[in-house]
Student: 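Okay, handing you the structure first.
The structure presented is a predicted model; accordingly, all values stated were derived computationally and were not measured.
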Amino acid sequence: MPHDLQPVVLRDELIELGDAFRAYQESSEPDLELLASLHARKARAFATWADVTDDGSLRAEARRAEQAAANVRLQWEQRTGQGVEGAVARVLTGPNQWEHARGVLAYVRDHAPVPGPEGRLLMLLLTLRTACRGSGNVTALDVNGLPLGDAEQLLQAMVDAGWLRLPGTVADLLASTSENPTHIIVPSLLPHDGDRGPFVFGKSMRAKLSGWAQKAVGERKLRKKKTPAAVRLLALACAAHSSADGRLGPFGRGLEVEMLASLCAVDSTQLSQLVEQLTAAEWLTEVSVTGTHITGRLCERVLELSCPVPAG
């Protein structure tokens, strides 16, 4: 690029664009949407440069950049389902939100204070209520809306384990209303020394993730079938680990039985039965279960709850 290129604004744009491409190449996380925007900026800049200098090679470079932008944008749309005619209108709308959803499920798996799927499902609700600040409001309706055999016992076990703090008793929480909610504290999620807790998202993202999880576990056919906590955890796990078209796993290659069992807090030998219940509730179709993997597809009516996994 000529050092005396005029207008100066074009020269500055080309310099800034070069810096942006170098920064992208050095980043650890690929961002196809950002890469497409950089190629589009390059196309505009080179087209302008060609107009200034009347250089045919620069015009050809602008066309190549324009095509590169289109190709990368198509990859991003295929990966996420965004911008495609007839694409799914998802509850969580982009890769960043989908990654956070998977991150919360993994965190709950790794830090459960009590055993079993009912405790795991309750922990998920409470974690999503308190993820940003380590505290939040919960009502009896929130807890009673989950398929828990003995909510009072589970809550008390969490208190006894030191994972949950209440301003009063468990009975007080189970009597609280939306007008007078219980303000709970989860010490392990409290920020320390001015830093964040284990989650890096803000209040708006927390609310979206909480809404997604509640909509999934409270989905009408799961309620109608009175599916237990383990089945609802499996529904979440499958939704969070599907491809853009709803097939389980990257490229529809399926999900590992052991991974799903660990997310649902069950033994892997129980998973086949849970899959049958999820299929009966019209969450999954075209299902095949082997000793190591489960393949299948989310039913169309629950695709809005899916969180496409990276295709790579």
Student: For Glu16, is there any backbone N or O sitting under 3.5 Å from a side-chain donor or acceptor partner on Asp19?
Tutor: no

Student: If you count every heavy atom of other residues, nucleotides or ligands that lies below 6.0 Å from Glu66 atom CD, does the total exceed 12?
Tutor: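 Check fails, neighbour count at 12 or below.
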
Student: Going from CG on Leu305 to CD on Glu219, what distance comes out if it is rounded to the nearest 0.5 angstrom?
Tutor: 7.5 Å

Student: Can you establish whether the number of heavy atoms outside Arg165 located under 6.0 Å from its atom CZ is more than 12?
Tutor: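 Result for CZ/Arg165: open.
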
Student: Just wondering, are more than 12 heavy atoms of other shown residues or ligands nearer than 6.0 Å to NZ in Lys225?
Tutor: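 Incorrect, the count does not exceed 12.
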
Student: Any donor and acceptor pair, going by atom type alone, linking the side chain of Gln97 with main-chain N or O of Thr93 inside 3.5 Å?
Tutor: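 Pair found, side chain donor or acceptor close to backbone of Thr93.
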
Student: What I want to check is whether the side chains of Thr177 and Asn180 have a donor and an acceptor closer together than 3.5 Å.
Tutor: no

Student: Evaluate side-chain contact (heavy atoms from CB on, under 4.5 Å) for Leu284 paired with Thr279, printing each intermediate quantity in order.
Tutor: CA-CA 5 Å; Leu284 294 178; Thr279 303; 4.0 Å; yes

Student: Determine whether Leu271 and Ile294 make a side-chain contact, defined as any pair of heavy atoms from C-beta on separated by less than 4.5 Å.
Tutor: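 Yes - at least one pair of side-chain heavy atoms lies under 4.5 Å apart.
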
Student: If you compare all heavy atoms of Ala47 against all heavy atoms of Ala62, which two are closest, and at what distance to 0.1 Å?
Tutor: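 Where Ala47 meets Ala62 most closely, the heavy atoms are N-CB, 3.5 Å.
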
Student: Show the numbers, then the answer: is there a side-chain contact (heavy atoms from CB on, under 4.5 Å) between Leu248 and Cys238?
Tutor: CA-CA 7 Å; Leu248 300 185; Cys238 289; 3.9 Å; yes

Student: Taking all non-hydrogen atoms of both residues, which atom of Leu121 and which atom of Val217 are closest, and how far apart?
Tutor: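 Where Leu121 meets Val217 most closely, the heavy atoms are CD1-CG1, 3.8 Å.
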
Student: Hey, what do you get for CZ (Arg120) to CG (Leu125), rounding to the nearest 0.5 Å?
Tutor: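 Reported value, rounded in 0.5 Å steps: 14.5 Å.
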
Student: Report yes if the side chains of Pro147 and Thr227 come closer than 4.5 Å at any heavy-atom pair, otherwise no.
Tutor: no

Student: Can Arg64 and Glu61 be counted as an ion pair, charged N to O under 4.0 angstrom?
Tutor: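 Here Arg64 pairs with Glu61 in a salt bridge, since their nearest N and O are under 4.0 Å apart.
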
Student: What I'd like to find out is whether the side chain of Gln153 reaches to under 4.5 Å of the side chain of Gln156, using heavy atoms alone.
Tutor: no

Student: First locate atom CD of Gln214, then atom CG of Leu209, and finally report the distance between them rounded to the nearest 0.5 Å.
Tutor: 11.5 Å

Student: Looking only at heavy atoms, which two atoms of Thr130 and Gly136 are closest? And how far apart?
Tutor: CG2-N, 3.6 Å

Student: Counting N and O atoms only, with roles assigned by atom type, does the side chain of Ser176 sit under 3.5 Å from a partner on the main chain of Ala140, one being a donor and the other an acceptor?
Tutor: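 Yes: the side chain of Ser176 pairs with the backbone of Ala140.
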
Student: Find out if a path of hydrophobic residues (ILVMFWY) with successive side-chain heavy-atom gaps under 4.5 Å connects Leu146 to Trp163.
Tutor: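 Hydrophobic grouping puts Leu146 with Trp163.
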
Student: Any chance you could lay out the salt bridge (charged side-chain N to carboxylate O under 4.0 Å, His left out) test for Glu99 and Arg102, step after step, and finish with the verdict?
Tutor: CA-CA 5 Å; Glu99 285 301 319; Arg102 286 187 282 271; 2.7 Å; yes

Student: Within this structure, what is the CG-CE distance for the pair Leu166 and Met158, rounded to the nearest 0.5 Å?
Tutor: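 One finds 11.0 Å between CG of Leu166 and CE of Met158.
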
Student: Evaluate the side-chain proximity of Val302 to Glu282: yes if any heavy-atom separation is below 4.5 Å, no if none is.
Tutor: no

Student: Would you say the side chains of Thr48 and Asp51 form a donor-acceptor pair under 3.5 Å?
Tutor: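 Note: Thr48 and Asp51 side chains miss the donor-acceptor criterion.
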
Student: Evaluate the side-chain proximity of Leu263 to Leu236: yes if any heavy-atom separation is below 4.5 Å, no if none is.
Tutor: no

Student: Test side-chain contact (heavy atoms from CB on, under 4.5 Å) on His111 and Met123; report intermediate values, then the result.
Tutor: CA-CA 9 Å; His111 297 84; Met123 181 195 176; 4.0 Å; yes

Student: For Ala240 versus Trp212, what's the shortest heavy-atom pair and its separation?
Tutor: CB-CH2, 4.1 Å

Student: Starting at CG of Asp142, measure out to CG of Leu122 and round the result to the nearest 0.5 Å.
Tutor: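 These two atoms lie 10.5 Å from each other.
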
Student: Taking the side chain as every heavy atom from C-beta outward, state whether Met205 and Asn96 have any pair of such atoms under 4.5 Å apart.
Tutor: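 They are in side-chain contact.
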
Student: Evaluate Trp98 against Val309 for side-chain contact (heavy atoms from CB on, under 4.5 Å), listing each step before the verdict.
Tutor: CA-CA 8 Å; Trp98 304 334; Val309 291; over 6 Å; no

Student: What pair of heavy atoms forms the shortest contact from Leu222 to Ala216, and how long is it?
Tutor: CD1-O, 3.3 Å

Student: Of Arg90, Arg247, His241, which meets side chain to side chain contact (heavy atoms under 4.5 Å, CB included) against Pro308?
Tutor: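 For Pro308, the side chain to side chain contact (heavy atoms under 4.5 Å, CB included) check succeeds only for Arg90.
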
Student: More than 12 foreign heavy atoms under 6.0 Å from CZ of Arg59: is that the case here?
Tutor: yes

Student: Please indicate whether Gln270 has more than 12 foreign heavy atoms, meaning atoms of other residues, nucleotides or ligands, lying under 6.0 Å from its CD.
Tutor: yes

Student: Quick one: do Arg44 and Glu13 make a salt bridge, cutoff under 4.0 Å?
Tutor: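 Between Glu13 and Arg44 there is no salt bridge, as every charged N stays at least 4.0 Å from the carboxylate O atoms.
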
Student: Spell out, as yes or no, whether a donor-acceptor pair under 3.5 Å connects the side chain of His183 to the backbone of Pro181.
Tutor: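 Looks like no, no N/O pair under 3.5 Å.
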
Student: Quick check: do Gln277 and Arg232 have side-chain heavy atoms less than 4.5 Å from each other?
Tutor: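 Counting from C-beta outward, Gln277 and Arg232 never come under 4.5 Å.
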
Student: Tell me the closest heavy-atom pair linking Ala230 and Cys264, and the distance in Å.
Tutor: O-SG, 3.9 Å

Student: Is there a path of hydrophobic side-chain contacts, each under 4.5 Å between heavy atoms of I, L, V, M, F, W or Y residues, that connects Val114 with Ile185?
Tutor: no

Student: Give the cluster check for Val289 versus Leu234: same hydrophobic cluster or not, with ILVMFWY residues linked at side-chain heavy-atom distances below 4.5 Å.
Tutor: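 Per the 4.5 Å side-chain linkage, Val289 and Leu234 are co-clustered.
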
Student: Is the number of heavy atoms from other residues, nucleotides or ligands under 6.0 Å of Asp54 CG greater than 12?
Tutor: no

Student: Could you tell me whether a side-chain N or O of Arg297 sits under 3.5 Å from a main-chain N or O of Thr285, the two making a donor and an acceptor?
Tutor: no

Student: Rounded to the nearest 0.5 Å, how far apart are SG of Cys132 and CZ of Phe201?
Tutor: 5.5 Å

Student: Indicate if Val186 and Leu190 have the same hydrophobic cluster label, given that clusters are the connected sets of ILVMFWY residues with side-chain heavy-atom separations under 4.5 angstrom.
Tutor: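 In one cluster: no.
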
Student: Are any non-hydrogen side-chain atoms of Trp49 and Asp55 less than 4.5 angstrom apart?
Tutor: no

Student: Consider only side-chain heavy atoms of I, L, V, M, F, W and Y, link residues closer than 4.5 Å, and tell whether Tyr107 and Ile184 are in one cluster.
Tutor: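 The answer is yes; both residues are in one hydrophobic cluster.
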
